[in-house]
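To start, the structure under review is shown below, and the notes come after it.
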2 protein chains.
Amino acid sequence: MTIKIKRKIDTNIVIHGDCEDVLKNYPNDCIDLIVTSPPYADARKNQYGGIHPNNYAKWFLPKSEQFLRVLKPTGTFILNIKERVLEGQRHTYVLDLIIKLREQGWLWTEEFIWHKKNCYPGKWPNRFRDSWERCLQFNKSKSFAMYQEAVMVPMGNWAESRLKKLSETDKVRDESKVGSGFGKNISNWLNRKMAYPTNVLHFATECSNKSHCAAFPLDVPEWFIKLFTKDNNVVLDPFLGSGTTAVAAINLNRQYVGIEKNEDYYLISQNRLDEFTRQGKLKWKT
Amino acid sequence: MTIKIKRKIDTNIVIHGDCEDVLKNYPNDCIDLIVTSPPYADARKNQYGGIHPNNYAKWFLPKSEQFLRVLKPTGTFILNIKERVLEGQRHTYVLDLIIKLREQGWLWTEEFIWHKKNCYPGKWPNRFRDSWERCLQFNKSKSFAMYQEAVMVPMGNWAESRLKKLSETDKVRDESKVGSGFGKNISNWLNRKMAYPTNVLHFATECSNKSHCAAFPLDVPEWFIKLFTKDNNVVLDPFLGSGTTAVAAINLNRQYVGIEKNEDYYLISQNRLDEFTRQGKLKWKT
DNA sequence: GTTCCGCATGAATCGATAG
DNA sequence: ACTATCGATTCATGCGGAA
C-alpha cells in the first residue's frame with residue numbers, strides 16, 4: 001500500500017496506529033515540538049506487548065528516526081522517561097537510549113528533572129520512594145526555538161529591597177571584576193517580579209480522575225509547550241496515552257497530532273477530546 | 001617501595017596522595033561507606049590535570065576498582081557528580097561511567113537527585129540554570145546496610161520549622177500554583193509523626209566561609225552517612241577536597257579516612273580538621 | 001532574644017574576540 | 001580551523017550586624 005505524502009498535515013486529530021508506521025507518511029520538518037511519555041520498559045505489558053529493558057533502545061530507535069525526520073530544524077523533542085528497578089538495580093536502558101539517540105543524530109541538549117511533589121507512598125527495606133523522572137531534551141540543531149519568558153515564575157521579593165538602594169557590593173564587584181562579575185546591569189532588574197526557572201520542575205502528580213490517571217499531569221506538557229512553541233504551532237505526541245498532551249496543546253492554542261497504538265487508550269483519548277471540544281475549550285483538569 | 005598491608009587501618013587521618021595508590025595498601029572489606037565528589041571532567045584543571053570528558057571513565061575506573069575492593073560487602077558507594085555542557089550538549093561521560101561501573105562489578109542501586117536550592121545564576125538564550133546534581137548509589141551486594149530511620153523527618157517539627165523558615169520564594173511560588181502547592185500537603189503531615197524522605201534531596205550550597213568553600217555542603221555527606229552507617233563506622237572520601245566529608249563524619253561520631261592528591265587542598269583540609277579538633281568537636285558549619 | 005535587612009558568593013554558559 | 005581568554009548575564013541563601 002502506498003500512501004501519498006501530503007504537504008500539509010492534518011492536525012487536531014488522534015490517529016490509531018503505530019507511530020513509526022503513521023509518521024512514515026508524514027513530510028519532513030512539519031512538527032514544532034514532540035512531547036511524549038512512552039511506555040516504560042516492562043510497564044503496560046498488556047497494552048504494548050511488554051518491551052523488555054534489554055530491547056528498549058532497539059524498539060525505540062526506528063520510531064525516533066521518524067521523529068527526527070518530521071521535526072522542524074528549530075524543533076524540540078522532550079522525552080519523559082524513568083528507568084525502573086530490576087533485580088535491585090536501576091536498569092541502564094535509558095542511559096543506553098540517550099547515547100544511541102545521540103548516535104542517531106540528536107543533540108542531547110538538557111536533562112530536566114521532574115520532581116513529583118506528591119509521589120506514591122510506599123516503603124521498602126533498601127530504597128526510598130522514587131519522586132523524580134527524567135525529561136530529556138533533544139534537538140536537531142543548536143539553534144532551536146525557545147520562549148523563556150513564557151515560563152517565568154514569581155521571584156522572591158529580595159530584589160525590591162535591593163533595588164531600593166544600589167548596594168555597594170554591586171559597584172565593587174563591577175569594578176574589581178572578581179570571578180564572574182555581578183551587578184553589571186542593575187537597570188535590568190527594575191520592575192522585575194519574575195525570574196527564570198531552573199532545570200528542576202516541581203509538579204504534583206494529579207490523579208483526581210479515575211478513568212484516566214495520567215502518566216504525567218497536565219502541568220508537564222503544558223510547561224514544555226509554553227517553553228518551546230508559539231500559538232498555532234504543531235505539537236506531536238506519538239504515544240498519546242490518555243491524551244494529556246493534546247489537552248495541554250488545546251488549552252494553549254496549539255495544534256496537536258496524537259498517535260496511539262493501543263485501542264483502549266485510543267478510545268479514551270478520543271472521548272476525552274470529544275468531550276473537551278463539546279465543552280467549548282473550557283480549561284480541563286487532567 | 002613496598003608497604004606492608006595492615007589488618008587494622010588507621011582512621012581519622014587525611015592522607016596526601018593519589019587514592020588509587022594509597023588504597024592499594026589497604027586491606028579488603030575495611031570501609032563501610034564511600035562518599036565522594038570527584039573532580040568533574042574539565043573542571044579544576046590546575047589541581048587535577050584537567051581530565052577531559054572523553055577520558056573520564058578511563059581515568060576513574062582504576063580508582064573505583066580499589067573502592068570496590070576496600071568496601072565491605074554491606075557497604076555503599078555514593079558518587080556525587082554532574083556532567084557539564086560541551087558545545088551546547090550535555091556530555092555523556094557520566095552515563096558512560098555508570099555503565100562501565102556496572103561492568104566493573106558494582107550494582108547501580110539508585111540515583112538520588114540533589115536539588116540545589118540556590119544554584120548559580122545566569123541567563124542564556126537556550127538553557128536554564130542548572131540546579132541539580134546526581135548522587136549515584138552503588139553497592140557490592142543487594143544486602144547492604146541502610147538505616148532509614150536515621151534520616152526520617154519528624155512530621156510535626158518538620159512542618160512547623162519548614163513553615164517558619166519557608167522562604168519568600170517558596171511561598172510566592174506555591175501560592176501561585178493551585179492544587180499542587182504546599183498547603184495541600186501540610187494537612188497530611190499534621191496527622192503523622194515521622195516520614196521517610198524520597199530520592200530527591202533539597203539542600204542549599206553554603207559558601208559563606210571563604211577559606212574552605214566546600215564543593216558540596218555538609219548536608220549532603222551528613223545525610224548519606226546517617227543513612228548508610230552507624231556510630232564508629234568508617235567513612236572514606238578518596239577525593240577529600242576541603243574536607244567536608246571528614247567534618248560530617250566527626251559530627252556524626254563516625255571514623256573517617258580522607259585522601260587528597262592536591263597539596264593545597266590537602267593542607268586546607270588538614271588545617272580545617274586540626275582547628276575542628278582543637279575546638280573539641282563542636283558542631284562545625286561548612 | 002528576635003526580626004529585619006544588607007551583603008557576599010556559588011562545580012555556569014554563551015558568544016565574541018584574540019592568538 | 002582550532003583553542004584560549006574575556007565580558008555579559010543573574011538568583012537564592014545564610015550570615016552578621018542593626019533595629
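The sequence lines fix the lettering, A, B, ..., with proteins before strands; numbering per chain opens at 1. Below, all heavy atoms of this structure are taken into account, side chains as well, without hydrogens, waters or symmetry copies.
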Looking at B:Trp223, I'd like to know if the NZ or CZ of B:Lys226 sits under 6.0 Å from its six-membered ring centre while staying within 45 degrees of the ring's axis.
no
Select one nucleotide: of C:dG10, D:dA12, D:dG14, the one nearest the side-chain heavy atoms of B:Tyr120.
C:dG10
For C:dA12, does either OP1 or OP2 sit under 4.0 Å from a side-chain N or O belonging to B:Arg90?
no
Atom CZ of B:Phe203 and atom P of D:dG14 are separated, to the nearest Å, by 12 Å
Output row for DNA chain D, stems defined as at least 3 consecutive Watson-Crick or G-U pairs under 3.5 Å, is C:2-10 with D:11-19, C:12-19 with D:2-9
May I ask you to verify whether the side chain of B:Thr205 and the base of C:dA11 hold a donor-acceptor pair under 3.5 Å?
no
Go through D:dC11, C:dT13, D:dA12 for me and flag the one nearest to the A:Tyr196 side chain.
D:dC11
Atom P, compared across D:dG7 and C:dA11: separation rounded to whole Å
22 Å
Could you pull out the protein-nucleic contacts involving nucleotides 14-18 of chain C (nitrogen or oxygen on both sides, under 3.5 Å)?
unit_1, atom_1, unit_2, atom_2, d
C:dC14, OP1, B:Arg127, NE, 3.0

What contact category does A:Pro197 fall into here, base, sugar-phosphate, or nothing, at under 4.0 angstrom with non-hydrogen atoms?
nothing
Taking atom P of C:dT13 as reference, at what distance in whole Å does atom CG of A:Leu107 sit?
16 Å
Separation of atom CE in A:Met152 from atom P in D:dT10, rounded to whole Å
9 Å
Side-chain donor or acceptor of A:Asn80 paired with backbone N/O of A:Arg134 under 3.5 Å:
yes
Compute the ring centroids of B:Phe239 and B:Trp59, then answer whether they are less than 6.0 Å apart.
yes
Starting from P on D:dT10, measure out to CD on A:Gln148 and report it in whole angstrom.
10 Å
Ring centroid separation A:Phe224 to A:Phe112 under 6.0 Å:
yes
Take the protein atom CZ of B:Arg129 and the nucleotide atom C1' of D:dT13, then report the distance between them rounded to whole Å.
12 Å
Using whole Å, what does the distance between atom C1' of nucleotide C:dA12 and atom CD of B:Glu83 come to?
14 Å
Measuring to OP1 and OP2 of C:dA11, would you say a side-chain N or O of B:Arg84 lies under 4.0 angstrom away?
no
If you find the nucleotide of DNA chain C closest to B:Phe128 and the one closest to B:Cys119, which residue's nucleotide is nearer the 5' end?
B:Cys119
Is NZ or CZ of B:Lys123 both nearer than 6.0 Å to the six-membered ring centre of A:Tyr196 and within 45° of the ring axis?
yes
From CG of B:Asp130 across to P of C:dA12 the rounded distance in Å is 9 Å
N-O pairing of B:Glu111 and A:Arg90 below 4.0 Å:
no
Side-chain contact check for B:Ala204: nearest option of D:dG14, C:dG10, C:dA11 is D:dG14
Less than 4.5 Å apart, any side-chain heavy atom of B:Leu71 and any of B:Leu68?
no
Whole angstrom value for the distance that separates P of C:dA12 from CG of A:Asn199
13 Å
Where does the angle between the aromatic ring planes of B:Tyr93 and B:His91 fall among parallel (under 30°), tilted (30 to 60°) and perpendicular (over 60°)?
tilted
Sorted by chain and number, sequence neighbours left out, salt bridge (Lys or Arg N to Asp or Glu O under 4.0 Å) with A:Arg102 holds for none
Using a 6.0 Å distance limit plus a 45 degree cone around the ring axis, check whether A:Lys140 lies over the aromatic ring of A:Trp106.
no
